[in-house]
Amino acid sequence: MSLNHIRPWRNIYRRKSRQIMVGNVPVGGDAPITVQTMTNTLTTDVAGTVAQVQAAADAGADIVRISVPDEASSKALKEIVRESPVPIVADIHFHYRRGIEAAEAGAACLRINPGNIGSEERVREVIAAARDHGCSMRIGVNAGSLEKHLLDKYGEPCPDAMVESGLEHIRILQDNDFHEFKISVKASDVFMAAAAYQQLAEATDAPIHLGITEAGGLTSGTIKSAIGLGNLLWMGIGDTIRVSLSADPVEEIKVGYEILKSLGLRHRGVNIISCPSCARQGFDVIKTVEALEQRLEHIKTPMSLSIIGCVVNGPGEALMTDVGFTGGGAGNGMVYLAGKQSHRMDNAQMVEHIVEQVEKRAAEIEAETAAQDAAE
């Protein structure tokens, strides 16, 4: 990745990994870190599942995973893949036939769990189907479903057991000359997951899928994921991520992007910098930010917006954002454009005005980017 020579403390040196393709999306190598989610509709509900996939894609999902628990779901998957705007990963557990059917249905990737997929012979059949149909695979190790022989060996789920499970499955794939795979070692315990991923990163050059599994509800799950994934990403580990929340899949995408944006690893949409508000605020910061988050969801262009309630930090934050608004007195505040004071605006009209300014700046950025691309 590009290095920041002015602010070297912001540099993240990504682990070197092989690159694979999940459909038309590259994962690993120097490709952008991709963001995934998983549908929670019944797969046999084709219309409902496609709608959820589309909503996730609109929110920025690069890849979407769909569970394939039975033969009826395999049949539905074929229709879903045909209508999906993004590559589909088929989530396979317990029955290897579902993996074969999913490959035949057009899945871009097959996720298999070493702890429950079956014997090596059955895995070989899934590998053959993946090769025949151009699928990649994900080895999905989970602390909650480790193989019995590893639990007997280690006594309980632990990082060593998880990594050993993953490496055993890597051997099976490589022995069958199959190398289009990524791997994950997920746990709901942040410490266990982080330790397992660090150990895994040193043991293989395969692309790594990051996740804190069963992280919890929107608030608690976001915090656990931000701590676990954030630290690993900061260390340069991770090529694709999924934030596992008991919430709408769209929320998983939003949180995933916010984690990447906070580390400067991926940029999409408006990054709003806002204060928590206090007695000094010149306008209702919390309601204003809530309104702007909704009104600016359609902006995909990477840019920054500062909304600060008073002049203590407002001017300083505005210096580093594309558009800014700092509260003042007498029912109005100062609008900043490209870090410079531009004009005052009444608080009553500020939301509409800020939306207009952000949309205008987004159009300018897009035009500048297009001109640079054309020049190259």
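Bear in mind that the values here come from a model prediction, so they are computed numbers and not experimental data. The first residue in the sequence is number 1, and the count goes up from there.
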Taking [Y]'s backbone N and O only, do any of them form a donor-acceptor pair with [X]'s side chain (distance below 3.5 Å, no angle check)?
| X | Y | answer |
| --- | --- | --- |
| Thr369 | Ile365 | yes |
| Asp322 | Leu337 | no |
| Asn332 | Gly328 | no |
| Arg131 | Asp177 | yes |
| Ser165 | Ala161 | no |
| Thr49 | Leu42 | yes |
| Gln198 | Ala194 | yes |
| Ser225 | Thr222 | no |

Please check if any side-chain donor atom of [X] sits under 3.5 Å from a side-chain acceptor atom of [Y], or the reverse.
| X | Y | answer |
| --- | --- | --- |
| Ser136 | Glu180 | no |
| Asn142 | Ser145 | no |
| Ser244 | Glu252 | no |
| His209 | Arg111 | no |
| Tyr336 | Glu317 | no |
| Ser304 | Thr321 | no |
| Arg138 | Ser184 | yes |
| Asp62 | Gln36 | no |

Stepwise salt bridge (Lys or Arg N to Asp or Glu O under 4.0 Å) test for Arg124 and Glu120: CA-CA 6 Å; Arg124 289 191 189 96; Glu120 284 194 26; 3.2 Å; yes
Side chain to side chain contact (heavy atoms under 4.5 Å, CB included) evaluation trace for Ile172 with Ile127: CA-CA 9 Å; Ile172 297 172; Ile127 294 171; 4.2 Å; yes
Close side-chain approach of [X] and [Y], heavy atoms under 4.5 Å:
| X | Y | value |
| --- | --- | --- |
| Val355 | Leu296 | yes |
| Ser67 | Met38 | yes |
| His343 | His353 | yes |
| Met345 | Gln349 | yes |
| Arg7 | Arg10 | yes |
| Ile63 | Thr37 | no |
| Val22 | Lys182 | yes |

Around atom [atom1] of [X], are there more than 12 heavy atoms of other residues, nucleotides or ligands at under 6.0 Å?
| X | atom1 | result |
| --- | --- | --- |
| Lys300 | NZ | yes |
| Glu368 | CD | yes |
| Lys78 | NZ | no |
| Ile286 | CD1 | no |

Matching residue for Ile80 among Asp45, Thr43, Thr41, Thr39 - test: side-chain contact (heavy atoms from CB on, under 4.5 Å):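 Output: one option passes, namely Thr43.
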How long is the span from the [atom1] atom in [X] to the [atom2] atom in [Y], to the nearest 0.5 Å?
| X | Y | atom1 | atom2 | result |
| --- | --- | --- | --- | --- |
| Ile208 | Ile139 | CD1 | CD1 | 11.5 Å |
| Thr213 | Asp189 | OG1 | CG | 12.0 Å |
| Ile112 | Tyr96 | CD1 | OH | 13.5 Å |
| Thr219 | Ile223 | OG1 | CD1 | 6.5 Å |
| Leu245 | Glu251 | CG | CD | 8.0 Å |
| Leu260 | Arg268 | CG | CZ | 12.0 Å |

Worked check of side chain to side chain contact (heavy atoms under 4.5 Å, CB included) between Gln19 and Val27: CA-CA 6 Å; Gln19 187 173 101; Val27 174; 6.0 Å; no
Any residue meeting salt bridge (Lys or Arg N to Asp or Glu O under 4.0 Å) with Arg344, in chain and number order, not counting sequence neighbours: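 Partners of Arg344 under the salt bridge (Lys or Arg N to Asp or Glu O under 4.0 Å) test: none.
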Pairing residues for Asp239 by the salt bridge (Lys or Arg N to Asp or Glu O under 4.0 Å) criterion, not counting sequence neighbours: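 Result, salt bridge (Lys or Arg N to Asp or Glu O under 4.0 Å) vs Asp239: Arg14, Arg15.
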Audit row: Val123, His169, side chain to side chain contact (heavy atoms under 4.5 Å, CB included) steps and yes/no: CA-CA 9 Å; Val123 174; His169 221 67; 3.7 Å; yes
Val190 vs Ile227, side chain to side chain contact (heavy atoms under 4.5 Å, CB included): CA-CA, chis, key distance, verdict: CA-CA 8 Å; Val190 173; Ile227 292 170; 4.2 Å; yes
Worked check of salt bridge (Lys or Arg N to Asp or Glu O under 4.0 Å) between Glu297 and Lys254: CA-CA 10 Å; Glu297 279 188 342; Lys254 291 179 179 178; 3.2 Å; yes
Check against salt bridge (Lys or Arg N to Asp or Glu O under 4.0 Å), Glu104 and Arg97: CA-CA 11 Å; Glu104 294 171 347; Arg97 286 293 311 170; 5.3 Å; no
Electrostatic pair Glu125:Arg122 at N-O distance under 4.0 angstrom: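 No.
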Salt-bridge criterion met for Glu290 and Lys287 (N-O under 4.0 Å):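 Looking at Lys287 together with Glu290, the answer is no, because their closest N to O distance does not fall below 4.0 Å.
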CA sep, side-chain torsions, deciding dist, call: Lys75, Glu101, salt bridge (Lys or Arg N to Asp or Glu O under 4.0 Å): CA-CA 8 Å; Lys75 292 178 180 177; Glu101 292 162 1; over 6 Å; no
Ring-face cation contact, Phe181 with Arg18, 6.0 Å cut, 45° max: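 Yes, cation above the ring, under 6.0 Å and within 45°.
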